[in-house]
Amino acid sequence: MPELPEVETVRRGLERHLVGRRITHVEVGRERVVRRTSREALIDGLTNTVVVGAQRRGKYLIAPLDSGEALMVHLRMSGQLLLAAAGATRPSHTHVVLSLDDGSEAWFVDPRTFGEVVVFAPDRVAVELPSLAALGVDPIADDFPRTQLRAIVRSTGRALKPLLLDQHRIAGIGNIYADEILHAARLRPDRAANTIDAAATWRLHASIVATLDAAIRAGGSTLGDAQYVDLMGAGGSYQDQHRVYGRAGERCSTCGRGWIRRTISGGRSTHFCPVCQH
DNA sequence: AAGCACACCTGCTAGC
DNA sequence: TGCTAGCAGGTGTGCT
């Protein structure tokens with residue numbers, strides 16, 4: 001569910017409401033969400049520590065602790081982090097509860113349990129969280145020179161969409177924003193990456209940065225099922241600016257001529273305008 | 001070695 | 001009303 005803009009919105013909430021708080025108590029319900037280590041490792045690693053930062057790499061949330069370790073949360077498809085008053089009624093699928101020293105609680109809620117919560121040692125990240133260590137450039141958090149995108153695009157004949165989704169190359173773009181970015185860049189999702197020229201590459205670079213920035217400013221995308229909400233439970237509004245995702249069969253609002261088409265590739269739905277995207 | 005199919009779960013919706 | 005099939009924002013594994 002959440003992609004870079006949604007995770008960044010949650011990160012900003014954590015920066016504001018969690019940093020500086022001491023974790024006084026930890027409860028773990030379903031053990032599956034702490035599968036990378038164990039229930040005991042999470043409880044021992046978090047209890048009586050102070051959260052000293054709130055960072056994001058791609059779709060990973062990282063909160064350094066005063067112990068020198070760090071908390072990592074990945075929301076995957078259906079995870080949520082919510083802040084609530086102690087004693088508030090917890091939604092079903094609340095798997096981890098952190099009690100904080102100001103009387104509030106942070107909840108990790110995740111119906112599908114693809115998400116995970118772990119405490120790790122940052123100096124051993126390559127061993128403890130290899131996929132985090134292997135992430136590519138973060139187009140928002142890092143400097144992202146357009147020459148770097150040029151190198152990535154020229155390195156493979158893969159289609160543009162799976163390339164944008166490859167977290168080892170560029171970190172944070174998911175299924176919704178890949179479609180929106182390619183539409184904004186007027187490039188077909190199935191176009192072979194190494195066939196686009198410099199001008200198209202610069203367009204793609206500008207579209208990545210502009211689309212993600214605009215989505216962050218809108219607080220991310222919350223679809224009809226309201227699965228994505230921020231730390232305070234509020235939805236985003238970028239879904240109102242989607243031009244292709246979820247708009248199959250509608251007239252293209254960009255060129256006014258094409259009809260948005262939906263195809264399946266790699267088991268993921270893909271949306272594009274066959275008229276204005278080449 | 002890169003790239004692909006499939007697995008991992010639950011809940012919701014559309015269609016019968 | 002109630003069943004079932006299909007679909008969902010992501011990534012890890014295991015195969016070619």
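The basis for the numbers below is simple: all heavy atoms, side chains too, and nothing from hydrogens, waters or symmetry mates. To find a chain, count down the sequence lines: A is the first, B the second, and so on, and within it residues start at 1.
For S269(A), a side-chain nitrogen or oxygen approaches OP1 or OP2 of dG9(C) to under 4.0 Å. The phosphate of dC9(B) (OP1 or OP2) has a side-chain N or O of R32(A) nearer than 4.0 angstrom. OP1 or OP2 of dT11(C) lies within a sub-4.0 Å distance of a side-chain N or O belonging to Q167(A). OP1 or OP2 of dG11(B) has at least one side-chain nitrogen or oxygen of H93(A) nearer than 4.0 Å. Contact annotation: H74(A) does not reach the phosphate of dG10(C) (side-chain N/O to OP1 or OP2, under 4.0 Å). Note on R268(A): every side-chain N or O is 4.0 Å or more away from OP1 and OP2 of dA8(C). Within the 4.0 Å cut-off from OP1 or OP2 of dC7(C), not a single side-chain nitrogen or oxygen of R112(A) is found. In this structure, T156(A) reaches the dG3(B) phosphate: one of its side-chain N or O atoms is under 4.0 Å from OP1 or OP2.
Rounded to the nearest 0.5 Å, atoms OG1 (T37(A)) and CZ (R35(A)) are 10.5 Å apart. From D230(A), atom CG reaches atom CG of L82(A) across 8.5 Å, with rounding to the nearest 0.5 Å. Here CD of E3(A) is found 7.0 Å from CG of N175(A). Values are rounded to the nearest 0.5 Å.
The partner of dG9(C) cannot be assigned: no Watson-Crick or G-U wobble pair with both contacts below 3.5 Å exists in any strand. Applying the Watson-Crick and G-U wobble criteria (two distances, each under 3.5 Å), dT1(C) pairs with nothing in any strand. Nucleotide dC9(B): unpaired (no Watson-Crick or G-U wobble partner with both distances less than 3.5 Å).
Remark: P of dG12(C) and CG of L132(A) are 10 Å apart, rounded to the nearest angstrom. Taking atom CG of residue L212(A) and atom C1' of nucleotide dG9(C), one finds them 14 Å apart after rounding to whole Å. Between D190(A) atom CG and dC4(B) atom C1' the separation is 17 Å, expressed in whole Å. Put simply, CE on M77(A) is 13 Å from C1' on dC12(B), counting in whole angstrom units. Residue D179(A) contributes atom CG, which lies 11 Å from atom C1' of dG9(C) at whole-angstrom precision. In this structure, D110(A) places its CG atom 18 Å from P of dA8(C), rounding to the nearest Å. In this structure, CZ of R76(A) is placed 16 Å from P of dT10(B), rounded to the nearest angstrom. Taking atom CG on L75(A) and atom P on dC9(B), their separation rounds to 18 Å, with Å as the unit.
Between Y238(A) and Y177(A), the ring planes lie tilted relative to each other; the angle falls in the 30° to 60° range.
Side-chain contact between L98(A) and F108(A) is absent, with no heavy-atom pair separated by less than 4.5 Å. Using a 4.5 Å cut-off on side-chain heavy atoms (C-beta onward), L4(A) and R56(A) make contact. In this structure, Q148(A) and V137(A) have side chains that are in contact, with non-hydrogen atoms separated by less than 4.5 Å.
For the pair F114(A) and dT11(C), the ring geometry does not qualify as stacking, because the centroid separation below 5.5 Å and plane angle under 30° are not jointly satisfied.
A residue-by-residue look at G157(A) and D225(A) shows that G157(A) has its nearest nucleotide of DNA chain B further toward the 5' end.
Donor-acceptor pairing under 3.5 Å, judged by distance alone, is absent between the side chain of R158(A) and the base of dA2(B).
Listed nucleotides: dG9(C), dG3(B), dC9(B). Nearest to the side chain of T113(A): dC9(B). With dG3(B), dG9(C), dG10(C) as the candidates, the nucleotide lying closest to the side chain of K59(A) is dG10(C). In this structure, of dG9(C), dG11(B), dG3(B), it is dG11(B) that holds the atom nearest to the side chain of P111(A).
At a threshold of 4.0 angstrom between heavy atoms, the contacts of Y228(A) with the nucleic acid are absent. As judged by a 4.0 angstrom heavy-atom cut-off over every strand, Y60(A) is placed among residues touching the sugar-phosphate backbone only. Nucleic acid contact class of E6(A) (heavy atoms, under 4.0 Å, all strands): none. At a threshold of 4.0 angstrom between heavy atoms, the contacts of Y177(A) with the nucleic acid are absent. When heavy atoms are screened at a 4.0 angstrom cut-off, L223(A) is found touching base atoms of the nucleic acid. Among the heavy atoms of the strands lying under 4.0 Å from S131(A) are primed sugar atoms or P, OP1, OP2 only; no base atom is included. At the heavy-atom level, R35(A) lies nowhere under 4.0 Å from the strands shown.
The P atoms of dG14(C) and dC9(B) are separated by 15 Å, rounded to the nearest whole Å. The same atom, P, is picked in dG9(C) and in dG3(B); the two are 22 Å apart, to the nearest Å.
Aromatic ring centres of F144(A) and H205(A): separated by under 6.0 Å.
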